[in-house]
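These figures come from a predicted structure and were not determined experimentally. Residue numbers start from 1 in every chain, and the chains themselves are labelled A, B, ... in the order their sequence lines are given, proteins ahead of strands.
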Amino acid sequence: MTQALAADEEDDWQRETLADALLAWYDRHHRHLPWRLPPQATRQGHRPDPYRVWLSEIMLQQTTVGAVKPYYERFLERWPTVEALARADLQEVMKAWAGLGYYSRARNLKKCAEEVAHRHGGVFPDTEAGLKALPGIGDYTAAAVAAIAFGRRAAVVDGNVERVVTRLRAIETPLPAAKPQVRKAVAALVPAERPGDFAQAMMDLGATICTPRRPSCILCPLQAFCAARGAAAQERFPVKASKAAKPSRRGAAFVAVRADGAVLLRRRPESGLLGGMSEVPTSGWSAGSDGEDGPSAAPFPAPWEPCGTVTHTFTHFTLALSVYRARVADMPAPAGSWWCAPGLLAGEALPTVMKKVVEAAIPGATKARRPTGT
DNA sequence: GATGCGTGGAA
DNA sequence: TTTCCAAGCAT
């Protein structure tokens, strides 16, 4: 070697070295997750089932690993293939998803399974573009499935990777405006070998070492490559645009209980907040304190008794619901609603805020009567 | 590009 | 307690 490396050769050198360091770390310190193939298997050229990768990636969107695990296991046991999920009843899928949040994911999950089963012969597309054309699959998930399940050299960028890379390159542009810059930086790092493990390694690094606060730089395999660490400024990245304060709303919720213990439920509209999920009748959720939280907002007259207030925080507002309960005589359920037998409440498609409401009125009502009702 | 969309764990 | 934010997507 007579001269300094040309710029592109130096890029190649750093890409190989950085990726090698990261993959070597991943081989020793990877997390063991139910949807994952261990690195010794992928090193031998094995690949995980695309259905399982896709299912896990959809569940993991904005959701923690710990929350996903039990849902993933239940879904996989009940619907082991994309064809099985395509045949499933949507309401059963919504019930199985209840509590995991972002319910449009469950509707798109079902739609996507149907498209794969009916238009793609039960086989997932093996390119980013093909995957991204499916419902519920965006930039991140398309890249993740392409890399992990199909060995494509895709740039996988999630919140972890954004944090790792903005630190690695000391990117001063605030997120989300910096996303294109981050994507280019990642694309320049992805190795030709084991791109799926590389993606998972970046995410594991962000989750366990390159954490939002107090990152463990001393344990980091990329420490020598990291511009932020070099400047002792790792906690200054990523720079983020400030976010607005959450407004609050209030309303009333009405738990009507029949003599046999059945509770009146209704279905929310298919789209929007908690779309397609079940709820007890409620007033509107108004922004101010204009009296929509009293018993006068009830769907029908009954001896409504107050039983406390439930508070719940959504992504973009907080909600305080005054809960009322009434014993009511047998009556036909109003249009669009039904009487839910007490034994079926635990399996209903009740979002967490509605479970809180029912629990406030009837303690224990949403808990399964027996361990796993079979 | 900004906004709507859940929930729960950690600091 | 409050704040942050976690393997984002659709519009």
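Listed by first and then second residue, the ring pair (Phe, Tyr, Trp, His ring centres under 6.0 Å) pairs involving residues 248-278 of chain A are A/F254-A/W304, A/F254-A/Y324 (not counting sequence neighbours). Within the structure, ring pair (Phe, Tyr, Trp, His ring centres under 6.0 Å) pairs that include any residue of residues 119-146 of chain A comprise A/W54-A/F124 (at least two apart or interchain). Sorted by first and then second residue, the pairs that involve residues 174-196 of chain A and meet side-chain hydrogen bond (donor to acceptor under 3.5 Å, both in side chains), not counting sequence neighbours, are A/D27-A/R194, A/E162-A/K179, A/T173-A/Q181, A/R194-A/D197. Residue pairs meeting the salt bridge (Lys or Arg N to Asp or Glu O under 4.0 Å) criterion with at least one member in residues 52-77 of chain A, sequence neighbours excluded, are A/D49-A/R52. Here salt bridge (Lys or Arg N to Asp or Glu O under 4.0 Å) pairs that include residues 208-228 of chain A, with residues two or more places apart or in two chains, number zero.
Shown for residues 206-222 of chain A: residues whose heavy atoms fall under 4.0 angstrom of DNA chain C, namely A/A207, A/P212.
Counting any heavy atom pair closer than 4.0 Å across all strands shown, A/W54 reaches no nucleic acid atom. No engagement by A/L319 is indicated, since no non-hydrogen atom pair under 4.0 Å with the nucleic acid exists. No contact: A/V161 has no heavy atom under 4.0 Å from any strand. At the heavy-atom level, A/R163 lies under 4.0 Å from the strands shown only through sugar-phosphate atoms.
Using atom P as the reference point in both B/dA10 and C/dA7, the two lie 14 Å apart (nearest Å). Rounded to whole Å, the C1' atom of B/dG1 lies 12 Å from the corresponding atom of C/dT11.
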Between the protein and nucleotides 8-11 of chain C, which nitrogen or oxygen pairs come in under 3.5 angstrom?
residue: C/dG8; atom: OP1; partner: A/G159; partner atom: N; Å: 3.2
residue: C/dG8; atom: OP2; partner: A/Q62; partner atom: N; Å: 3.0
residue: C/dG8; atom: OP2; partner: A/Q62; partner atom: NE2; Å: 3.1
residue: C/dG8; atom: O5'; partner: A/Q62; partner atom: N; Å: 3.4
residue: C/dC9; atom: OP1; partner: A/G138; partner atom: N; Å: 2.9
residue: C/dC9; atom: OP1; partner: A/T141; partner atom: N; Å: 3.0
residue: C/dC9; atom: OP1; partner: A/T141; partner atom: OG1; Å: 2.6
residue: C/dC9; atom: OP2; partner: A/D139; partner atom: N; Å: 3.4
residue: C/dC9; atom: OP2; partner: A/Y140; partner atom: N; Å: 3.2
residue: C/dA10; atom: OP1; partner: A/G136; partner atom: N; Å: 2.5

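The pair A/R36-A/D204 meets the salt-bridge criterion, since a charged nitrogen lies less than 4.0 angstrom from a carboxylate oxygen.
Checking A/P176 against A/G275, the closest nucleotide of DNA chain B that is more toward the 5' end is the one next to A/P176.
Rounded to a whole Å, the NZ atom of A/K243 is 17 Å from the P atom of C/dT2. For the pair A/Y72 OH and C/dA6 P, the computed distance is 23 Å after rounding to whole Å.
Here A/R167 pairs with nothing under the side chain to side chain donor-acceptor pair (under 3.5 Å) rule; sequence neighbours left out. The ring pair (Phe, Tyr, Trp, His ring centres under 6.0 Å) search around A/Y71 returns none, not counting sequence neighbours. Among residues two or more places apart in sequence or in another chain, the ring pair (Phe, Tyr, Trp, His ring centres under 6.0 Å) test is passed with A/H312 by A/F314.
A 4.0 Å heavy-atom criterion places the boundary nucleotides of DNA chain B facing chain A at B/dG4 to B/dA11, written 5' to 3'.
Once rounded to the nearest 0.5 Å, the distance linking CG of A/L264 with OG of A/S337 reads 4.5 Å.
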Side-chain donor/acceptor pairs under 3.5 Å, residues 84-105 of chain A, sequence neighbours excluded:
residue: A/D89; atom: OD2; partner: A/Q91; partner atom: N; Å: 3.1
residue: A/D89; atom: OD2; partner: A/E92; partner atom: N; Å: 3.3
residue: A/Q91; atom: OE1; partner: A/R267; partner atom: NH1; Å: 3.3
residue: A/E92; atom: OE1; partner: A/R78; partner atom: NH2; Å: 2.8
residue: A/E92; atom: OE2; partner: A/K95; partner atom: NZ; Å: 3.4
residue: A/W97; atom: NE1; partner: A/G101; partner atom: O; Å: 2.9
residue: A/Y103; atom: OH; partner: A/G99; partner atom: N; Å: 3.1
residue: A/R105; atom: NE; partner: A/Y102; partner atom: O; Å: 3.4
residue: A/R105; atom: NH1; partner: A/I58; partner atom: O; Å: 3.1
residue: A/R105; atom: NH1; partner: A/M59; partner atom: O; Å: 2.8
residue: A/R105; atom: NH1; partner: A/Q61; partner atom: O; Å: 3.0
residue: A/R105; atom: NH1; partner: A/T63; partner atom: OG1; Å: 3.0
residue: A/R105; atom: NH2; partner: A/T63; partner atom: OG1; Å: 3.3
residue: A/R105; atom: NH2; partner: A/L100; partner atom: O; Å: 3.2
residue: A/R105; atom: NH2; partner: A/G101; partner atom: O; Å: 3.0

